[in-house]
Number of protein chains: 2
Amino acid sequence: METVGRLAGVSQVTVSRALSDPSKVSPATLAKIHEAIAQTGFVPNALAGALASSKSMLISALVPSITNIVYSSMVKAFSEEMRREGYEILLSETGFNAEEEEKLIAAHLSRRPDAMFLTGIHHSAQARRMLLAAEIPVAEVWDITDSPIDFCVGFNHAETGRAAADFARRKSYPQVGVVSAGDERARRRSEAFLRQWHRSGEGASVSMLFDAPATLANGRAGFRGLLDKGFTGGLVHCSSDLLAHGVIIEAQSRGLDVPGRIAVLGFGDQPFADAVEPRITTVRVDMAAFGRAAAQSMLARLGGDRTGPPVIDLGFEIVEREST
Amino acid sequence: METVGRLAGVSQVTVSRALSDPSKVSPATLAKIHEAIAQTGFVPNALAGALASSKSMLISALVPSITNIVYSSMVKAFSEEMRREGYEILLSETGFNAEEEEKLIAAHLSRRPDAMFLTGIHHSAQARRMLLAAEIPVAEVWDITDSPIDFCVGFNHAETGRAAADFARRKSYPQVGVVSAGDERARRRSEAFLRQWHRSGEGASVSMLFDAPATLANGRAGFRGLLDKGFTGGLVHCSSDLLAHGVIIEAQSRGLDVPGRIAVLGFGDQPFADAVEPRITTVRVDMAAFGRAAAQSMLARLGGDRTGPPVIDLGFEIVEREST
DNA sequence: CTGTTAGCGCATTCAT
DNA sequence: ATGAATGCGCTAACAG
């Protein structure tokens, strides 16, 4: 800025002002400054700016996995909203691991983000302490709790399981199967489904709980497992659309009619759910809406408005299609 | 650090050293310092550190879309390698837009990243200029060129199209169809495929070029389009496995046998390609390997070793399965 | 092994 | 509308 200023015949401060608030500089000098910037190829140093102003315009975001469309589409919507206001996103993967998350939170906090986006509501005690001490807005997204660190936006996972069980009862399936991926929230949905199923009537249940991510291949393997364990027909509750699709493919390849013999319920309403044969009945949750709501609430807090609600429940909806 | 130092009975510098190079501090004072850190909940300010040392330990990464598994899995592998060495990733989406990319490059450079990861080899002149002026390692990934900004790691897209056409000739398909998404590299693969097809023999070709991302739904629509345009049977070359899967679903739902009547060739060897019915023949490119190779080469450069090759061609391979 | 002294490049006062 | 002075929190020499 010093150099640019000399070239434009002004001081360093004036260059700073020209960049941060042009209205405070006369049009004439503004023009000279811009010309000098173009000549020198000057790129402002945001590190120095952040250090001086205590505003990094950086938002830290932690997700379990960036290759999982559920999380990446939340982050996508979130960062689009935040970038519109000039914020940049520092993104890292925790790999569904609380210890890793704690380390990452420490690493991210050292870069002095203006706010933080976390996935889920379970964090280590130390992580909570650091976050509280940082005194910045913290969004916990994709789940809800009565005691968020700052605020949370999501839906009740167990409730989707119960709703699915009620759905299965309404449709009078004789028995149910469960195929679930390894993450804690998927497990919570599946367990709530089973509990509600058994609480509400007769009929066996068979489960295949993976300790692995949701993939098509696991969906197929899961369905084979259900058959091995004696599943003869009814509704298969899957913790993800990807698993549901795998179940359908495996059932079809064995000549088992979907939904005649095997009905399949997915989760997530991912784009392909509506494009396969048969189209997948699923629990729809609007991933992008979570990201947008988190951004909106975060921006309000960054603007000094701390009156927003601590819990934002965006709900879910069972979309009935042809797989049930 | 001042406060921590006072608590531990040492000066601020000693605290700094204890954190950056513990071997330079005696075990006794090291213990005292760590205790003081625990008591105060001190979190070092990486902004100040970066400003003072001109090393931000930040790597800037730009991808067209984070929800696209192709790019997210490259970035995943890349960031895992970089994080192991203490680097953090500042990630943004360009949306396949060169202007947007240019703005993002400027924004990212202002945070003084130690290196930059870009997708593809086409960047605006201004972007190239800024990158060159920044004098940092720059990886251009997912494509290759003889004149990278710094170094590139990828494969020859046109070559995959030619290889696919040769494959179609070897298998003696009577005609070919093309379903392609809107991005420039997909287009390059498809065009090379068509050129080679026509150059190497007889047989009609029909194309459906979308101006949209690759989705299952577009795959289905694409195949309907091919039929409308008179495609009667042969190989369908798809610019992505997702499109290929859509083509298969649409063909099957119309009672057209795959691969008997319609053969389908995908691109990417995404995990599901091997898990659907029939399993998809595809052009395999190892996304994670690109990320790892980029990280490896970048780390070498960050370590001062500038002898690495400017062009790293990791190639591709046609994996024949049941859809052809 | 530890401390002193100088900046890093800006934004933020307070002047004028 | 512009400038001078000061400090953000840390690292990098240089001493001792």
Side-chain angles (χ1 to χ4, degrees), chain A residues 1-34 36-37 40-58 86 88 106-114 133-136, chain B residues 1-34 36-37 40-58 86 88 106-114 133-136:
Chain A
M1 282 186 172
E2 194 69 55
T3 313
V4 171
R6 246 195 315 270
L7 238 166
V10 294
S11 75
Q12 173 262 319
V13 228
T14 307
V15 178
S16 172
R17 274 194 280 258
L19 259 28
S20 58
D21 187 356
S23 74
K24 287 183 158 181
V25 175
S26 82
T29 59
L30 200 56
K32 273 190 268 182
I33 288 173
H34 279 140
I37 288 177
T40 55
F42 169 75
V43 176
N45 186 326
L47 293 175
L51 184 61
S53 68
S54 307
K55 290 202 327 180
S56 63
M57 296 306 279
L58 229 204
E88 227 74 53
H108 279 215
L109 284 180
S110 78
R111 296 193 188 270
R112 298 296 186 266
D114 288 340
E135 295 188 304
I136 55 176
Chain B
M1 283 188 173
E2 194 70 54
T3 314
V4 170
R6 246 196 314 271
L7 238 165
V10 295
S11 77
Q12 174 264 320
V13 226
T14 307
V15 178
S16 171
R17 273 196 279 257
L19 259 28
S20 57
D21 187 356
S23 74
K24 288 183 160 181
V25 176
S26 81
T29 59
L30 200 58
K32 275 190 269 184
I33 288 174
H34 279 140
I37 288 177
T40 53
F42 169 74
V43 177
N45 186 325
L47 293 175
L51 183 60
S53 69
S54 307
K55 292 202 327 180
S56 63
M57 297 305 281
L58 229 201
E88 228 75 54
H108 279 214
L109 284 180
S110 78
R111 297 194 186 269
R112 297 297 186 266
D114 288 340
E135 294 188 304
I136 54 176

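Every chain is numbered from 1, with letters handed out A, B, ... down the list of sequences.
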With respect to the phosphate group of C:dT2, does any side-chain polar atom (N or O) of B:S11 fall under 4.0 Å of OP1 or OP2? no

Of B:G9 and A:V15, whose closest DNA chain C nucleotide lies nearer the 5' terminus? B:G9

Does any donor-acceptor pair link the side chain of A:R17 with the base of D:dG3 at a separation under 3.5 Å? yes

Distance-minimising heavy-atom pair for A:P22 and A:S20: CD-C, 3.9 Å

Starting at atom CG of A:L109, determine the distance to atom P of D:dG9, rounded to an integer number of angstrom. 15 Å

Taking all heavy atoms of B:A106 and all of A:V43, pick out the closest pair and write down the distance. O-CG1, 4.2 Å

Side-chain atoms of A:V13 come closest, of C:dT4, C:dT12, D:dT11, to C:dT12

Length of the CE-P vector between B:M1 and C:dT5, whole Å: 19 Å

Does B:V25 reach the side chain of B:V10, with side-chain heavy atoms less than 4.5 Å apart? no

Over all heavy atoms of both residues, which pair between B:H108 and B:P113 is shortest? Give the atoms and the distance, please. O-CD, 3.1 Å

Any idea which heavy atoms bring A:I33 and A:A18 closest together, and the distance? CD1-CB, 3.7 Å

Exercise: identify the closest heavy-atom pair between A:L19 and A:M1: CD2-CE, 4.0 Å

Mind listing the residues from residues 40-56 of chain A sitting with a heavy atom below 4.0 Å of DNA chain D? Number order is fine. A:L51, A:A52

Round to the nearest Å and state the distance from B:Q12 atom CD to C:dC1 atom P. 19 Å

Interface with DNA chain C, restricted to residues 18-33 of chain A and to heavy atoms under 4.0 Å: none

Less than 3.5 Å apart, which donor and acceptor atoms pair up between the side chains of residues 51-58 of chain B and the rest of the protein, not counting sequence neighbours?
unit_1	atom_1	unit_2	atom_2	d
B:S53	OG	B:G49	O	2.8
B:S53	OG	B:K55	N	3.2
B:S56	OG	B:L58	N	3.2
B:S56	OG	B:R112	O	2.6
B:S56	OG	B:D114	OD1	3.4

Show the nearest heavy-atom pair for residues A:A50 and B:L47, with the distance to one decimal. CB-CD1, 3.6 Å

